[in-house]
Amino acid sequence: MEPKISEKVWNPELEKKILKQWEEEKIYDFVPQEDNFTIDTPPPYPSGRPWHIGAAAHYSQIDMIARTARMAGKNVYFPIGIDRNGLPVELYTEKKHKIRMRETDREEFLNLCRNALDDLEAEMILIMKNLGISGDFANYYRTDSEEYRTLTQSTFIDLWKKGQIYLANRPNNYDWVSGTTIADAEIIYEDLPTKLVYMKFKIKDTDQEIIIASTRPELVCACKTIIVNPKDERYTQYIGKKIIVPITNVEVELRTHHSAQQEFGSGAVMVCSYGDQNDVALFRELGLEEIVVIGLDGRMTKAAGEYAGLKPKQARTKIIEDLEINGLVEKIEDIIHRTPVSERSKIPIEIIPMEEYYLKQKESVEKIKKLGQEITFHPTMHKQILMNWLESINIDWPISRRRYYGTEIPIWYCKNCSEPYVPEPGKYYRPWNEKCPISNCTKCNSTEFVGEERTFDTWMDSSISPLFVSKFNVDNEFFNKVYPAAIRPQAKDIVRTWLYYTLLRCEQLTGKKPWSEAWIMGYGLDEKGMKMSKSKGNAIDPLPLIEKLGADTFRFWSASEINHGYDFRCNEQKIESNKKFLSKLWNVSRFLSSFPVIESGTLTASDKWVLSELDNLVKECKKGYDEYNFFIPAIAIREFTWNLFAAHYIEMVKARAYGIGFSDEERDGAIFTLHKTLSTILKLLAPITPFITEHLWKILYSKESIHKQKQVEPENIETQSDITKEITEFNSKVWNEKKSQSLSLKDSIKIEIPKILEPFKKDLKSMHNLVD
RNA sequence: GGGCCGGUAGUCUAGCUGGUUAGGAUACCGCCUCGACACGGCGGUGAUCGUGAGUUCGAAUCUCACUCGGCCCA
């Protein structure tokens with residue numbers, strides 16, 4: 001009997017052919033029906049080469065969600081988008097062309113950004129396609145397209161009209177390198193070394209002094225009060241006294257406040273505008289008048305006197321020098337300080353009062369908490385990230401950014417009276433470059449307008465992805481069918497941004513939650529468990545790896561190595577070793593391809609046994625697939641296929657399948673069981689390794705794609721796992737025995753078969769060439 | 001300071017509703033062409049399950065303390 005499959009190994013080159021077939025047959029096309037399964041796919045951001053291997057693993061798994069849902073009989077809508085707004089491409093463009101954004105013509109700068117994005121995007125799309133992502137590539141969208149930005153602006157206009165947006169001058173997180181305000185969500189904390197300076201402040205009308213410790217001595221110019229803890233007895237006698245601030249010689253009051261920590265520094269703290277968020281809160285609480293000492297250019301302002309024009313770091317050095325000259329420094333300690341840093345530009349932020357637009361979010365927190373409770377998180381533990389974040393929200397969301405490559409804020413201002421004009425929704429506006437749609441100011445009738453130059457925080461765009469893909473405001477019928485989405489897959493580091501903002505925005509705009517399930521994945525780390533980054537040089541480029549090994553090997557690695565929700569390590573050698581399993585599957589199939597596929601057969605004890613184990617496997621896989629945890633089926637399938645089916649069952653029935661020494665009925669029982677088992681394995685594996693399973697399926701079982709099949713359901717056969725142990729142990733015993741006697745595996749041997757294995761006697765005898 | 005998660009052989013990991021000779025993968029070593037597969041088969045080395053205490057007849061598994069690592073929030 002000749003096998004239908006002649007090649008001895010799975011050739012990843014075949015993936016290209018299969019990909020083409022899928023494309024031609026349009027097997028993943030989406031036509032909305034009454035019930036749909038919408039995936040709110042994360043649009044990846046093309047920020048540079050190479051694309052992150054962890055992201056490639058992530059998208060592979062998102063595709064497994066889609067395929068699992070399809071095989072469960074769901075009508076899957078799997079949109080593909082590319083996120084193209086925001087700071088990273090601006091920084092990339094500035095570096096690439098050695099230019100400064102603010103010194104470049106805006107239109108020209110935008111074009112350079114667009115070109116950079118196009119290049120990077122092309123490679124990402126290529127990788128996604130090669131990975132076998134079964135998304136809707138024909139209609140892939142971009143968040144910087146006219147349609148997308150129209151929606152972003154329309155939702156802004158809608159919320160403006162509802163009174164959810166306001167303009168306010170407030171101390172804000174300011175990233176002076178990017179020259180823009182950023183939201184709390186865009187701040188990360190880093191432990192950075194700094195100096196804690198103990199300064200001497202004179203107490204007025206006495207010759208006494210108190211010690212103030214600060215990491216920001218340059219802010220003495222903006223010091224408005226000194227606080228100590230009310231329980232701190234060291235300072236009781238000074239409460240209410242005037243203190244002379246060195247350098248400026250301004251008098252400030254010493255008062256008590258519970259936020260002063262007795263253990264930190266000297267226990268007395270200077271409150272300046274603004275060293276940190278606590279200062280902001282204190283200025284507000286105590287009604288202090290702020291002094292702006294750091295300007296938008298990131299340098300000291302005139303208010304800093306002789307230090308004006310210096311960068312804060314330079315001013316700090318200078319001030320410390322000056323204080324030392326005057327004997328006003330008691331000591332300086334080197335400490336590690338948890339410093340707020342801009343997530344994008346990685347520099348410590350300053351807190352500077354600026355006028356920005358805000359979207360109300362504080363009053364939505366309780367509602368969002370409730371929505372969060374209604375959403376199923378996979379894994380459950382990551383819901384906590386959202387809840388912790390909600391607990392810490394205490395200001396509204398500043399949404400305006402002083403950058404170019406983003407969705408423009410659609411507002412014009414009357415040149416005469418400054419009255420803002422917000423246009424009608426449904427159109428894409430670029431106020432910095434376009435005439436105001438009305439000719440006269442609604443308030444003063446003046447005819448001259450100035451367009452707003454700022455753009456939105458990119459999360460204003462990303463946070464409406466479920467609305468965009470469901471054609472909100474554009475096609476109501478479509479919207480009603482596909483919204484809310486079924487699931488939001490995403491990485492865990494953007495729970496407080498993307499996930500939270502999406503909940504907020506969708507709730508504000510539709511009153512409904514955007515999805516019923518959230519699926520949260522961990523980070524991809526390097527082989528030592530360190531974060532991968534281009535600067536560290538430990539980034540792995542996924543593209544050559546996928547081209548060399550094939551998508552299925554990569555995907556199987558992703559499924560079998562990544563326990564859902566936890567961080568995972570990426571190691572090329574490990575990825576490569578997964579090829580072995582595909583090879584095993586290929587050769588099992590190659591063997592089976594020599595036997596005809598038959599509909600039924602008389603089952604022997606061995607057949608019934610392996611089918612009961614197969615049913616256990618189906619149950620186990622279902623458990624994993626039900627919660628979109630592919631680790632469970634991947635491990636279980638590999639274990640069953642390799643260590644049970646191939647190692648034991650196939651060896652046991654080989655002779656029977658060939659019909660040597662067995663009746664036709666017995667032979668057919670084996671052949672039937674072999675094919676039933678393999679076809680089940682293929683279907684179970686199809687969401688994880690779509691290529692090889694498709695190829696084998698079509699050769700062996702059907703012209704119709706495996707990805708059009710329904711997933712196998714458990715038959716609830718009574719388990720025989722006790723027997724499994726007996727069988728595998730007996731086989732091991734025989735193999736060991738032959739080995740110790742230096743016999744070849746085909747040589748005959750005399751070994752007693754245990755009583756419990758009596759029903760399997762004939763198969764075992766032929767397998768091991770046992771003699772009585 | 002608070003929260004979440006984790007610490008099982010060189011590496012990754014399963015087991016954690018208490019009783020397993022602690023399972024698998026990978027790496028390593030040895031032997032082997034047996035009518036699918038050397039990207040294979042068989043066998044082997046390798047884990048006092050982070051540390052300490054408690055509960056229990058019995059703990060990797062439950063409780064507490066400590067410790068280390070990662071992340072998040074003050």
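Every chain is numbered from 1 and lettered A, B, ... according to where its sequence line falls, protein lines coming before strand lines. Only a predicted model underlies this, so the values are computations on that prediction, with no experimental measurement involved.
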Assigned partner base of [N], Watson-Crick or wobble definition, under 3.5 Å:
N	value
G30(B)	C42(B)
G54(B)	C62(B)
G1(B)	C73(B)
C12(B)	G24(B)
U48(B)	none

How many angstroms lie between CH2 in Trp10(A) and CG in Leu696(A), if you round to the nearest 0.5 Å? 7.5 Å
Rounded to the nearest 0.5 Å, what separation is found between the CG atom of Asn731(A) and the CG atom of Leu757(A)? 8.5 Å
Provide the distance between the two [atom1] atoms, one in [N] and one in [M], to the nearest whole Å.
N	M	atom1	result
G7(B)	U13(B)	P	9 Å
G41(B)	G18(B)	P	37 Å
G24(B)	U63(B)	P	29 Å
A27(B)	U11(B)	C1'	7 Å
G43(B)	C5(B)	C1'	39 Å
U33(B)	A38(B)	C1'	9 Å
C37(B)	G10(B)	C1'	29 Å
C49(B)	C29(B)	C1'	25 Å

For [X] and [Y], test the side chains for any donor-to-acceptor distance below 3.5 angstrom and give the result as yes or no.
X	Y	answer
Arg488(A)	Thr502(A)	yes
Asp175(A)	Ser342(A)	yes
Asp607(A)	Tyr649(A)	yes
Ser732(A)	Glu729(A)	no
Gln361(A)	Tyr500(A)	yes
Trp498(A)	Ser463(A)	no

How close or far is atom [atom2] of [N] from atom [atom1] of [X], stated in whole angstroms?
X	N	atom1	atom2	answer
Ile635(A)	G24(B)	CD1	P	13 Å
Trp557(A)	U13(B)	CH2	P	12 Å
Phe631(A)	C12(B)	CZ	P	13 Å
Asp279(A)	A74(B)	CG	P	15 Å
Asp493(A)	C72(B)	CG	P	8 Å
His564(A)	C5(B)	NE2	C1'	14 Å
Ile575(A)	U11(B)	CD1	C1'	14 Å
Asn578(A)	C12(B)	CG	C1'	11 Å

Taking N or O atoms only and anything under 3.5 Å, show me the protein contacts with nucleotides 15-23 of chain B, one pair per line.
| residue | atom | partner | partner atom | Å |
| --- | --- | --- | --- | --- |
| U21(B) | O4 | Glu729(A) | OE2 | 3.2 |

For nucleotides 33-43 of chain B, read 5' to 3', which letter fits each nucleotide if B means a protein heavy atom sits under 4.0 Å from the base, S means only the sugar-phosphate is that close, and - means neither? -BBBB-BSSBS
Quick one: closest heavy-atom pair of Val588(A) and Leu678(A), and the distance? CG1-CD1, 4.3 Å
For a quick test of reading the model: is some side-chain N or O of Tyr566(A) closer than 4.0 Å to OP1 or OP2 of C5(B)? no
Basic-acidic side-chain contact under 4.0 Å: Lys370(A), Glu366(A): no
Can a salt bridge be assigned to the pair Lys492(A) and Asp567(A) using a cut-off of 4.0 Å between side-chain N and carboxylate O? yes
Is Asn643(A) touching bases, backbone alone, or none of the nucleic acid, heavy atoms closer than 4.0 Å? sugar-phosphate
